[in-house]
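Worksheet for the structure shown next.
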Amino acid sequence: MTDQQLTVGQAGEDAVLAAVREVIDPFNAQRPGLALGPGDDAAALTLGSGQAVITTDTMSEGQDFRRQWWLDPESLGAAEFEPAEEWPQDVGTKAAAQNLSDINAMGAVPTALVVSLTLPPQTTVAWVANFYRGVLRACEAPGAGRCVVAGGDFGAGEAISVTITALGEPAAGGQLLRRDRAEPGDVLAVCGQLGRAAAGLALLERPGEASVSSDELRHWQDHAAIIRECLQAQQQPQPPLNAGPAALAAGASAGLDLSDGLLRDAGRLAAASRVQIRCDDAALAAEAQPLKPVAGILGLGPAAGSEWVLSGGEDYSLLATFPADAPLPDGFRALGTVEPVPADGQPGVLVAAEPSGTGWDSLRQIL
Ligand SMILES: Nc1ncnc2c1ncn2[C@@H]1O[C@H](COP(=O)(O)OP(=O)(O)OP(=O)(O)O)[C@@H](O)[C@H]1O
Ligand SMILES: Cc1ncc(C[n+]2csc(CCOP(=O)(O)O)c2C)c(N)n1
Ligand SMILES: [Mg+2]
């Protein structure tokens, strides 16, 4: 057994892979579908249908998470200040979840993940093993019961970076939930949270604070439930992985997952489908209402809740459009309607509130 306290720089690739295999092999063995698992030049999967659905997403330290988020400031300065398990597990869960969410958003079922990790040499073997435990935790979610970890790659670098590629296949029926098929007259609906991950990000990134301490959580105990929900949405998201196939089964015309903010992503659906989306302002206000205490704690006005709902990213909820006569599947809430583009207009999203943010852009630099 590889010494878990060694750094990856000391242990080397073969020993790190051996430690990872101890975590993933027993998990993979319980799931059918992996004809040849990690260990050869490539893996082989047994396909149930004629189509593979494939997506990839990268998450990097400093851009998508900070290790300080998992530090209780009380423990800063202590010799062993790194939370040994939560940090790597949460990074693994989030990296897997955002890929599983994209498979779900195609109305498909995830079958395999391929995991590429760039690691600073001082990262411990224990960190890597716990990261994979987090990846597997995401695959334990309802809807991901067939997903295995088929392989990956290790590289060294200055900051931690994770790229996961997810494979899936269309759910029963063989259709895909595309973003370019919404029709005027459809209802716009969402399954999963809105604005929680952005509120969690705002809590974690409070100016001058390294993270949210257990003391603060005690101090804010009246709002502990919503605070924990927001932190969890940001640090270990749980996308509704049955929602894509359920939406298709219910007759959904189009859909995508919300990674970059409701307005931005709904705008993508509107542009792809060449329609106008009119949001129901009362429905949006109801989504923002539970976030008001979080805005209060942060010293922000009540508009912050709406801003998180409209422009906050990383909720990994499923936004879909349904014909008006189709009953919404369990967990979906109506948010608006789909209209034709006016003769003098452009595809887009209409809301009463004018948001100040424009959603998330992975490349644009804020100068
Ligand atoms: N570097 C790239 N090379 C080729 N295609 C790309 C590249 N980056 C993005 N794309 C394609 O552009 C489309 C949109 O990419 P994006 O990452 O924004 O996906 P999304 O589903 O809209 O967002 P998210 O991945 O955050 O859920 C996808 O079909 C993706 O495959
Ligand atoms: C340190 C830090 N700064 C900012 C953010 C916010 N953030 C990062 S990626 C993303 C959208 C999805 O990205 P992609 O489209 O690349 O999948 C958002 C809203 C964060 N999580 N951590
Ligand atoms: Mg997506």
Side-chain angles (χ1 to χ4, degrees), residues 52-71 87 90-91 93-108 110 113 116 138 159-168 176-180 190-207 209-212 230-237 239-241 243-244 247 254-273 307-320 349 355 357-366:
V53 180
I54 183 164
T55 182
T56 193
D57 227 315
T58 295
M59 227 172 79
S60 305
E61 185 173 8
Q63 302 297 317
D64 302 286
F65 63 90
R66 297 187 207 283
R67 61 182 74 194
Q68 291 89 336
W69 290 353
W70 285 268
L71 300 183
W87 169 39
D90 285 357
V91 173
T93 296
K94 183 166 176 176
Q98 65 182 21
N99 278 281
L100 296 171
S101 172
D102 274 320
I103 298 289
N104 176 50
M106 295 308 295
L113 302 179
S116 183
I160 295 173
S161 183
V162 188
T163 298
I164 295 188
T165 299
L167 284 153
L176 293 174
L177 185 61
R178 300 170 55 133
R179 56 179 72 178
D180 59 357
V190 71
C191 180
Q193 301 169 323
L194 279 182
R196 300 290 199 277
L201 181 65
L203 281 163
L204 291 162
E205 296 272 89
R206 282 171 308 145
E209 303 293 335
S211 65
V212 177
C230 294
L231 293 174
Q232 191 174 31
Q234 176 56 232
Q235 292 177 286
Q236 40 172 277
L241 296 180
L256 45 57
D257 70 331
L258 294 177
S259 53
D260 296 339
L262 174 64
L263 284 184
R264 193 176 179 100
D265 288 322
R268 288 176 171 148
L269 190 147
S273 297
E307 198 62 40
W308 290 327
V309 165
L310 291 174
S311 307
E314 301 177 287
D315 278 316
Y316 304 112
S317 299
L318 187 74
L319 189 72
V349 185
T358 54
W360 185 257
D361 186 315
S362 306
L363 291 181
R364 190 182 298 279
Q365 290 185 299
I366 298 159

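Ligands are counted one by one from 1 in listed order, and the atoms in each one are counted from 1 as well.
- Atom 27 (O) of ligand 1 is flagged as protein-proximal [any protein heavy atom, distance under 4.0 Å].
- The nearest pair of heavy atoms linking Asp260 to Asp265 is N-OD2, 2.8 Å.
- Under the 4.0 angstrom criterion, atom 23 (O) of ligand 1 counts as having a protein heavy-atom contact.
- Here Arg178 contributes atom CZ and Leu256 contributes atom CG; the two are 13.0 Å apart, rounded to the nearest 0.5 Å.
- When only non-hydrogen protein atoms are considered, atom 11 (C) of ligand 2 lies nearest to Trp360 CD1, 2.9 Å.
- Within the set Thr56, Ile54, Asp102, Thr58, the minimum heavy-atom distance to atom 25 (O) of ligand 1 is found for Asp102.
- Close approach of ligand 1 to Ser259 is summarised as follows: ligand atoms under 4.0 Å from at least one heavy atom of the residue are 23 (O), 24 (P), 26 (O), 27 (O).
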Going through the distances and angles, do Trp69 and Leu201 end up as a side-chain contact (heavy atoms from CB on, under 4.5 Å)?
-> CA-CA 9 Å; Trp69 290 353; Leu201 181 65; 3.6 Å; yes

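- Of the N or O atoms in Asp265, none lie within a sub-3.5 Å distance of an N or O in ligand 1.
- Looking at Asp57 next to ligand 2, an N or O pair under 3.5 Å apart turns up.
- Checking atom 17 (O) of ligand 1 against the protein gives no heavy-atom contact under 4.0 Å.
- Atom 6 (C) of ligand 2 has Glu314 OE1, 3.3 Å as its closest protein atom, hydrogens excluded (heavy atom only).
- Judged by distance alone, the side chain of Asp102 and the main-chain N or O of Thr56 form no donor-acceptor pair under 3.5 Å.
- If you number the atoms of ligand 2 from 1 as listed, the ones under 4.0 Å from a heavy atom of Arg66 come out as 1 (C).
- Distance check: Arg66 CZ to Ile160 CD1 gives 13.5 Å after rounding to the nearest 0.5 Å.
- Here the closest heavy-atom approach between residue Ala52 and residue Leu167 is recorded as CB-CD2, 4.4 Å.
- Taking CG of Leu204 as the reference point, atom CD of Gln235 lies at 4.5 Å (rounded to 0.5 Å).
- Residue contacts with ligand 1 include Arg179, since one or more of its heavy atoms lies under 4.0 Å from the ligand.
- Within the 4.0 Å heavy-atom shell around ligand 2 one does not find Ala197.
- Close approach of ligand 1 to Asp57 is summarised as follows: ligand atoms under 4.0 Å from at least one heavy atom of the residue are 25 (O).
- Residue-level proximity to ligand 1 for Leu256 is absent, since no heavy atom of it falls below 4.0 angstrom.
- The protein reaches atom 20 (P) of ligand 1 closely, with a heavy atom under 4.0 angstrom from it.
- In terms of N/O distances under 3.5 Å, ligand 2 is not approached by Gln98.
- Leu203 and Cys230 make their closest contact through CD1-CB, 4.3 Å (heavy atoms, listed as atom of the first residue, atom of the second, distance).
- Within a 4.0 Å radius of atom 1 (N) of ligand 1, the protein contributes no heavy atom.
- Here's the thing with Tyr316: none of its N/O atoms is less than 3.5 angstrom from an N/O atom of ligand 2.
- Taking only nitrogen or oxygen atoms, main chain and side chain alike, Gln63 reaches within less than 3.5 Å of ligand 2.
- No other N/O/S atom of Asp102 lies as close to the Mg ion (ligand 3) as OD1 does.
- Checked by distance only, ligand 2 and Glu205 stay at 3.5 Å or farther apart across all their nitrogen or oxygen atoms.
- Of the candidates Glu205, Glu314, Arg196, Glu314 is the only one forming a side-chain hydrogen bond (donor to acceptor under 3.5 Å, both in side chains) with Gln234.
- In terms of modelled atom types and a separation under 3.5 Å, the side chain of Ser273 and the main chain of Arg179 share a donor-acceptor contact.
- Residue contact annotation: Gln234 has a non-hydrogen atom under 4.0 Å from ligand 2.
- Shown here for Ala233 and Gln193, the closest heavy-atom pair between the two residues is CB-OE1, 3.4 Å.
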List the steps and the verdict of side-chain contact (heavy atoms from CB on, under 4.5 Å) for Val190 and Leu262.
-> CA-CA 10 Å; Val190 71; Leu262 174 64; 5.9 Å; no

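- Neither the backbone nor the side chain of Thr58 comes within contact range of ligand 2; no heavy atom lies under 4.0 Å.
- Taking every non-hydrogen atom of Ser259 and a distance limit under 4.0 Å, the qualifying atoms of ligand 2 come out as 11 (C), 12 (C).
- Given atom 16 (O) of ligand 2, the protein heavy atom at minimum distance is Ser362 OG, 2.8 Å.
- Taking 2.8 Å as the criterion, Asp257 counts as a coordinating residue of the Mg ion (ligand 3), since one of its N, O or S atoms falls below it.
- Between the CG atom of Leu194 and the CG atom of Leu319 there is a distance of 8.0 Å, given to the nearest 0.5 Å.
- Within the model, atoms OG1 of Thr55 and CG of Leu100 stand 10.0 Å from one another, a figure rounded to the nearest 0.5 Å.
- The protein atom (non-hydrogen) at minimum distance from atom 15 (O) of ligand 2 is Asp260 OD1, 2.9 Å.
- Across every non-hydrogen atom of Ala197 and Asp315, the tightest pair is N-OD1, 3.1 Å.
- Note that CD of Gln68 and CH2 of Trp87 are 8.5 Å apart. Values are rounded to the nearest 0.5 Å.
- Between Asn99 and Ala166 the shortest heavy-atom distance is CB-CB, 3.8 Å.
- Counting only heavy atoms, the protein never gets under 4.0 Å from atom 10 (N) of ligand 1.
- Each of the atoms 27 (O) of ligand 1 lies under 4.0 Å from some heavy atom of Asp257.
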